[in-house]
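Because the structure is a prediction, the values reported are computed rather than measured.
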Amino acid sequence: GSGFSMLDVVVVGAGISGLATTKSALEEGLSVECFEATDHVGGLWQYTKDGYGVMQCTTINVSKQNYAFSDFPFPADAADFVHHSEMARYINAYADHFGVRKHIRFSSRVTKLTRHSGDSAAGNGDDVVWRVEVEDVRTGVTSFVLAKYVAVATGHHQQPIIPSFPGQDTFPGPLIHSIQYKGAAENHIDSSRVLVVGIGNSAVDVAVDAATRGASKVFLSTRSGAWIYPNYLFGTPVDHYASPALLRLPWTLVSALFEPVLGFLYGPPQQYNLFPKMRLLQTQPTVSPTLYHHLQRRNVVIKPNIKRIAGAQVEFDDGTSEQVQHIVLCTGYKIHLPFLDESLRTELGVDPEHNSFPLYKGVFSPAIGPSLAFIGFAQPASGGLICISECQSRWLVQIIKRRVSLPDAAAMRQSIEADQAAAAARYHRSPRHTLQRDPLLYADEVYALFGVRPSLWRHPTLALHLLFSSGCARYRLQGPGADPPLARAQVLQLPPPPAVRAVVYLLLLLLGLVVLLGLYRVIF
């Protein structure tokens with residue numbers, strides 16, 4: 001069967017990025033429909049017993065202030081780092097509060113996306129129509145809609161990367177990817193010896209969960225080592241330190257400042273065999289309040305890369321070997337866009353093997369232009385994805401409304417190359433780091449295009465907060481979609497961390513003394 005209608009915007013996926021995009025479109029009076037393959041909103045934040053989503057133990061590793069929609073704060077009594085069940089409730093509340101849910105077609109998988117007419121790279125997308133084929137996953141019935149703009153918000157955590165080690169096929173026990181790990185009890189690893197491969201946030205969550213809930217021993221195998229951040233630093237959530245002022249300092253300087261602090265708190269990482277091959281800010285932050293606890297008690301033991309597997313015996317690069325009953329691969333994901341045909345994927349320059357996707361500011365392809373946007377295809381280097389996704393969705397809507405336009409294809413390609421060069425100069429070489437963005441720096445840059453970036457001159461009483469604190473409520477102070485009273489209250493609730501305030505006041509005091517000394521010399 002087929003249905004026919006013409007929409008302003010089709011959104012693919014009802015996770016946080018898809019919800020933000022649908023809401024932004026609705027606020028500007030656009031006709032929008034969001035297609036979601038599952039029966040729920042929230043994407044991976046909705047726990048399911050079998051399938052894509054969080055583990056039973058997952059708690060957000062970014063504080064609620066930095067993992068919230070800019071105009072929808074968490075309840076005041078929520079913990080700083082909420083459990084996944086509370087995160088799912090929050091996302092559902094957002095969908096209901098802004099009337100987004102009635103514009104979502106659930107159990108509807110987008111199977112094919114084709115450019116129906118026109119040359120999208122020219123103009124603002126008006127000459128293009130996208131044909132979106134949708135399958136009802138319950139009945140198998142296919143229909144289609146036409147849209148002027150399509151926002152793909154399926155995210156980049158779609159297709160698991162499964163590495164291959166010599167002798168892997170001889171391993172007799174369960175060998176799974178972290179996407180299949182739901183919990184120690186759910187995956188029957190009580191009293192087992194478990195090997196976790198990787199050192200990202202999922203790997204650390206699995207290792208700690210297994211060690212806490214009954215595994216007799218957990219080994220954590222890593223090629224690159226890691227710096228482990230605590231949830232709190234000097235009593236303040238660690239992500240609150242990621243302010244625009246700090247992020248604009250050279251990353252080498254910030255690494256040099258904070259590496260000794262982490263060493264002072266826990267001892268140097270080398271003490272635990274972590275041996276990071278990169279500086280602190282050259283990699284995605286791995287945040288765990290409890291990993292060091294388990295390392296100190298030897299419940300979790302760090303191992304180097306796997307050399308070979310022989311049955312249940314795993315040999316590592318340092319010559320040691322261990323018997324294990326379970327292997328969990330926390331080895332990341334690659335970009336997977338099965339609904340785009342081969343020619344469109346080629347035109348976009350998608351390279352799943354290197355996790356590379358050359359998009360202007362992470363959203364638009366120079367070859368295709370504004371009619372096709374990718375929302376949330378980013379890895380936050382500090383803070384949370386919501387800030388980035390919301391910024392991208394609001395930018396897209398301003399483009400659709402003709403209030404701002406994209407530069408020409410050549411300028412976009414130049415910008416992409418400059419961004420790639422900057423990322424290559426900073427980050428440890430790995431597919432894990434191809435989509436890195438610092439949310440506040442990124443949002444400042446994009447929001448400046450349409451008057452949303454908060455001006456210090458317009459908000460002088462908030463200057464200290466805007467420079468030396470974090471949080472995305474600042475992006476509701478001015479410009480399209482502003483809610484100044486709510487934004488101001490939220491910004492004031494998140495002051496700079498006490499340690500940062502002390503340093504700022506000290507510097508201001510020293511500056512004052514220098515000025516007074518100068519005046520004294522001039523006068524006398």
Side-chain angles (χ1 to χ4, degrees), residues 8-13 15-30 32 34 69-72 98 100 120-121 123-126 128 130 147-156 244 348 357-366 368-380 383-409 411-413 415-416 418-419 435 437-455 472-483 487:
D8 290 324
V9 190
V10 157
V11 179
V12 186
I16 53 173
S17 301
L19 292 175
T21 308
T22 307
K23 176 205 175 250
S24 296
L26 288 170
E27 281 180 336
E28 289 288 357
L30 298 170
V32 58
C34 175
F69 295 99
S70 59
D71 54 355
F72 194 70
F98 292 107
V100 174
S120 183
N124 214 57
D126 271 6
V128 174
W130 290 92
K148 297 173 192 170
Y149 293 84
V150 173
V152 177
T154 51
H156 57 96
L348 283 164
F357 199 3
L359 298 173
Y360 175 65
K361 302 302 166 204
V363 183
F364 300 103
S365 164
I368 288 171
S371 67
L372 181 62
F374 293 85
I375 309 293
F377 282 73
Q379 188 69 44
L385 182 66
I386 290 179
C387 183
I388 294 175
S389 298
E390 202 178 34
C391 169
Q392 293 173 337
S393 69
R394 291 171 72 187
W395 181 29
L396 169 64
V397 168
Q398 293 303 309
I399 287 169
I400 295 171
K401 298 296 281 185
R402 296 296 183 98
R403 295 184 192 129
V404 63
S405 57
L406 291 178
D408 63 43
M412 286 198 271
R413 285 194 182 93
S415 169
I416 291 166
D419 284 351
L435 304 172
R437 304 267 179 191
D438 275 306
L440 289 182
L441 295 189
Y442 174 82
D444 270 358
E445 186 183 352
V446 172
Y447 278 134
L449 300 173
F450 54 101
V452 171
R453 179 182 173 175
S455 154
C472 289
R474 66 187 63 214
Y475 301 118
R476 295 288 173 179
L477 284 167
Q478 63 183 67
D483 185 346

Inset, instruction - Look up atom CD1 in Ile16 and atom SG in Cys387, then write down how far apart they are to the nearest 0.5 Å. - result: 11.0 Å
Inset, instruction - Would you mind reporting whether Glu28 and Gln398 have side-chain heavy atoms less than 4.5 Å apart? - result: yes
Inset, instruction - Taking all heavy atoms of Pro244 and all of Leu441, pick out the closest pair and write down the distance. - result: O-CD2, 4.2 Å
Inset, instruction - Dump the intermediate steps for side chain to side chain contact (heavy atoms under 4.5 Å, CB included) on Thr154 and Phe377, then the final yes or no. - result: CA-CA 8 Å; Thr154 51; Phe377 282 73; 3.7 Å; yes
Legend entry - Minimum side-chain heavy-atom gap Tyr475-Asp71 below 4.5 Å: no
Legend entry - Exercise: identify the closest heavy-atom pair between Ser389 and Gly376: OG-CA, 3.5 Å
Inset, instruction - Report yes if the side chains of Leu396 and Val363 come closer than 4.5 Å at any heavy-atom pair, otherwise no. - result: no
Inset, instruction - First locate atom CZ of Phe364, then atom CD1 of Ile399, and finally report the distance between them rounded to the nearest 0.5 Å. - result: 3.5 Å
Inset, instruction - Look at the side chain of Gln478 and the backbone N and O of Ser455, then say whether any donor-acceptor pair between them is shorter than 3.5 Å. - result: yes
Inset, instruction - Considering non-hydrogen atoms only, spot the tightest contact between Leu359 and Ser365 and give its length. - result: CD2-N, 3.8 Å
Inset, instruction - Check whether any side-chain N or O of Arg476 sits under 3.5 Å from a backbone N or O of Gly481 as a donor-acceptor pair, and report yes or no. - result: yes
Inset, instruction - Find the distance between CG (Asp444) and CZ (Arg474) and round it off to the nearest 0.5 Å. - result: 7.0 Å
Inset, instruction - Output the distance between atom CD1 (Ile386) and atom CZ (Phe72), rounded to the nearest 0.5 Å. - result: 11.0 Å
Inset, instruction - Quick one: closest heavy-atom pair of Ser393 and Ala20, and the distance? - result: OG-O, 3.5 Å
Legend entry - Side-chain touch Phe69/Glu390, heavy atoms, less than 4.5 angstrom: yes
Inset, instruction - For residues Arg394 and Pro480, determine if any side-chain heavy atom of one lies less than 4.5 Å from a side-chain heavy atom of the other. - result: no
Inset, instruction - Locate the shortest heavy-atom distance separating Val9 from Ala147; write the atom from each residue and the value. - result: C-CB, 4.4 Å
Inset, instruction - Kindly say whether Ser17 contributes a backbone atom to a donor-acceptor pair with the side chain of Thr21 at under 3.5 angstrom? - result: yes
Inset, instruction - Using atom types as modelled and distance alone, determine if a side-chain donor or acceptor of Tyr442 lies under 3.5 Å from a backbone N or O of Lys361. - result: yes
Legend entry - Sub-4.5 Å side-chain heavy-atom contact between Leu406 and Trp395: yes
Inset, instruction - Answer whether the closest heavy-atom distance between the side chains of Leu30 and Lys401 falls below 4.5 Å. - result: yes
Legend entry - Closest non-hydrogen atom pair, Gly383 against Pro380: O-CB, 3.5 Å
Legend entry - Carboxylate-amine/guanidinium proximity below 4.0 Å for Arg437 and Asp419: yes
Legend entry - Gap separating the CD atom of Glu445 from the CG atom of Asp438, nearest 0.5 angstrom: 11.5 Å
Legend entry - Lys/Arg-Asp/Glu bridge criterion (N-O < 4.0 Å) met for Lys23, Glu27: yes
